[in-house]
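Worksheet: the structure to be examined is printed underneath.
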Protein chains: 2
Amino acid sequence: MGPSKTEEDYLKAIYKLSKVQPKGVATKSIGDLLNLKPPTVSDMLRKLGDKKFIKYAKYKGVTLTNEGERIALKIIRKHRLWETFLVDHFKFKWDEVHDIAEQLEHIDSARLVERLDEFLGFPKFDPHGDPIPDKDGVIVPRHDITLDQIKKGQKAVLVGVKDHSTEFLKYLESISLTLDTEVKVINVINYDKSIVVKAGNHSERNLSFQVSKNIIVQRNQ
Amino acid sequence: MGPSKTEEDYLKAIYKLSKVQPKGVATKSIGDLLNLKPPTVSDMLRKLGDKKFIKYAKYKGVTLTNEGERIALKIIRKHRLWETFLVDHFKFKWDEVHDIAEQLEHIDSARLVERLDEFLGFPKFDPHGDPIPDKDGVIVPRHDITLDQIKKGQKAVLVGVKDHSTEFLKYLESISLTLDTEVKVINVINYDKSIVVKAGNHSERNLSFQVSKNIIVQRNQ
DNA sequence: TGAAAAGATTAGGCAAATCTAATCATTATG
DNA sequence: CATAATGATTAGATTTGCCTAATCTTTTCA
Ligand SMILES: [Mn+2]
Ligand SMILES: [Mn+2]
Ligand SMILES: [Mn+2]
Ligand SMILES: [Mn+2]
């Protein structure tokens with residue numbers, strides 16, 4: 001039998017956390033992400049270790065095995081393909097699809113994923129700008145320039161977000177900062193690191209550091 | 001919280017069985033359908049009774065309450081909408097979609113079902129000719145004329161199947177007997193109740209009683 | 001009509017996934 | 001560097017959904 005839905009969720013969480021904790025993911029951070037108490041996580045880590053999905057040494061933190069990473073990437077692939085589907089074909093907004101994709105990502109059918117990918121035209125990025133792993137689990141690594149790193153007078157294109165919360169996404173949408181939007185940094189306020197930007201033909205707007213550092217951009221040229 | 005996936009499966013099973021056992025569905029038949037042992041079913045029936053999804057009197061058999069039927073119809077609606085989606089938009093054959101729909105029917109999002117229904121153009125029947133309950137759970141009752149009831153010389157149109165097994169569906173497909181196909185009964189063999197039919201511009205073919213009684217038709221004119 | 005057979009329920013148990021409380025290990029700090 | 005704080009694990013319990021074996025109820029039929 002394949003991994004349970006619960007096991008899949010753990011592996012996906014460990015995969016994501018390992019990008020910030022490459023030397024080993026902490027029990028606590030897994031629990032925080034999945035809303036589970038530490039003992040629950042400890043139990044599961046032992047089990048995932050037994051199944052060789054993770055390398056687990058008590059009190060040390062965990063890393064994925066190749067098999068564990070393969071499973072995590074498969075789930076992430078399905079999640080992002082379904083999000084793309086919902087936005088591109090079912091008229092959902094980018095802030096509405098995550099919870100539904102959390103369910104759809106566990107549907108078990110290789111053929112379905114194939115057809116979904118084909119139906120969408122083999123997309124490379126999801127509605128939040130996150131790269132979609134291909135059928136072999138290959139994922140394009142993404143540069144990590146955020147809007148706060150752009151200097152006064154320079155232009156950049158919004159290519160992703162670091163915060164996926166409904167609140168943040170709705171806020172960006174409300175000020176017309178969506179994927180592929182070109183943004184010009186008009187001014188940088190040293191006092192609080194906020195910036196003044198102009199996007200499209202909207203009026204100038206001030207963005208807090210908290211906002212700008214959660215916006216992933218690509219420099220123009 | 002809503003009903004669990006397991007509870008939904010029981011209610012759907014009871015709904016289907018109640019069409020054949022209207023005075024009360026037997027524990028054994030539920031177990032047979034869901035591949036569960038009788039004690040497992042007894043346990044769950046007590047629980048479903050406590051939750052007022054079914055009327056349960058020990059040793060008597062069960063019937064759905066209005067609430068239980070509402071839930072069952074919601075699951076059946078989702079199952080049939082997803083099957084329609086997979087066949088009409090993802091290039092699946094009618095014998096390939098049931099198992100995937102068994103998973104998709106449990107995805108919990110009213111908005112998703114709405115958009116799916118809209119995307120499909122509010123279909124009334126699924127790829128097997130089964131009627132799709134509307135958003136209020138209203139389902140058009142289907143007449144029950146099967147191909148074995150058609151007399152020699154008469155024509156009928158294939159509008160559904162009673163057996164949904166992959167084997168049966170693949171067999172029908174292989175002899176070009178698919179939904180909306182017009183069939184003429186050329187001869188009836190009294191000895192074994194088999195019939196000789198002609199469909200489209202294919203040559204005449206003999207169908208066993210077992211096959212003909214699993215094909216739902218509509219008389220021509 | 002009174003066994004025997006069939007069907008249903010009860011009793012007792014197990015695995016998965018969760019929790020709280022208690023204990024153990026690591027890290028940080030006065 | 002000793003100890004307090006933090007983090008992780010172990011112990012013990014609960015819920016859900018499943019099982020086998022034993023018992024009870026209903027139906028069948030000789
Ligand atoms: Mn998401
Ligand atoms: Mn996403
Ligand atoms: Mn089906
Ligand atoms: Mn169907």
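Residue numbers start from 1 in every chain, and the chains themselves are labelled A, B, ... in the order their sequence lines are given, proteins ahead of strands.
The distance from atom CG of Asp43(A) to atom C1' of dT20(C) is 13 Å, rounded to the nearest whole Å. One atom, CZ of Arg46(B), and another, P of dC18(D), lie 14 Å apart when rounded to the nearest Å. The OH atom of Tyr10(A) sits 14 Å away from the P atom of dA16(C) (whole-angstrom rounding). To the nearest angstrom, P of dA8(D) lies 9 Å from OH of Tyr56(A). Taking atom NZ of residue Lys5(B) and atom P of nucleotide dC18(D), one finds them 8 Å apart after rounding to whole Å. Between Leu34(A) atom CG and dT18(C) atom C1' there is a gap of 13 Å when expressed in whole angstrom units. Rounded to an integer number of Å, the gap from Asn35(A) CG to dT18(C) P is 11 Å. In this structure, Glu8(B) atom CD and dT16(D) atom P are separated by 16 Å, rounded to whole Å.
Remark on DNA chain C: of its neighbouring residues Met44(A) and Pro38(A), the 5'-side contact belongs to Met44(A), judged by nearest-heavy-atom nucleotide.
Aromatic ring orientation, Phe90(B) versus Phe92(B): tilted (interplanar angle from 30° to 60°).
Each of Thr27(B), Val41(B), Ile30(B) was checked for a side-chain contact (heavy atoms from CB on, under 4.5 Å) with Leu36(B), and the lone residue meeting it is Val41(B).
For Ser42(B), whose side chain is taken as the heavy atoms from C-beta onward, the closest listed nucleotide among dT9(C), dC19(D), dT18(C) is dT9(C).
Remark: nothing in residues 15-33 of chain A comes within less than 4.0 Å of DNA chain C through any heavy atom. The stretch residues 57-64 of chain A touches DNA chain C through Tyr59(A), Lys60(A), each having a heavy atom within less than 4.0 Å of the strand.
Applying the side-chain hydrogen bond (donor to acceptor under 3.5 Å, both in side chains) test to Glu67(A) and every residue at least two apart in sequence or in another chain returns Arg70(A).
Looking only at side-chain heavy atoms (C-beta outward), Ile132(A) and Ile76(A) stay at 4.5 Å or farther from each other.
Cation-pi geometry between Arg46(A) and Tyr56(A) is not met: the NZ or CZ atom fails to fall both under 6.0 Å from the ring centre and inside 45° of the normal. Taking the centre and axis of the six-membered ring of Tyr15(B), the NZ or CZ atom of Lys19(B) falls inside the cone set by 45° and 6.0 Å.
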(request) Show your working on salt bridge (Lys or Arg N to Asp or Glu O under 4.0 Å) between Lys74(B) and Glu8(B) and close with a plain yes or no. (result) CA-CA 9 Å; Lys74(B) 210 173 74 173; Glu8(B) 289 181 344; 5.7 Å; no
(request) Using the side chain to side chain contact (heavy atoms under 4.5 Å, CB included) rule, take Ile107(B) and Leu112(B) through it: C-alpha gap first, then chi angles, then the decisive distance, then the call. (result) CA-CA 9 Å; Ile107(B) 301 290; Leu112(B) 177 61; 3.7 Å; yes
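The structure places CZ of Arg80(B) at 10.0 Å from NE2 of His128(B), a figure rounded to the nearest 0.5 Å.
Backbone-only engagement by Thr6(B) is indicated by non-hydrogen atom pairs under 4.0 Å involving sugar-phosphate atoms exclusively.
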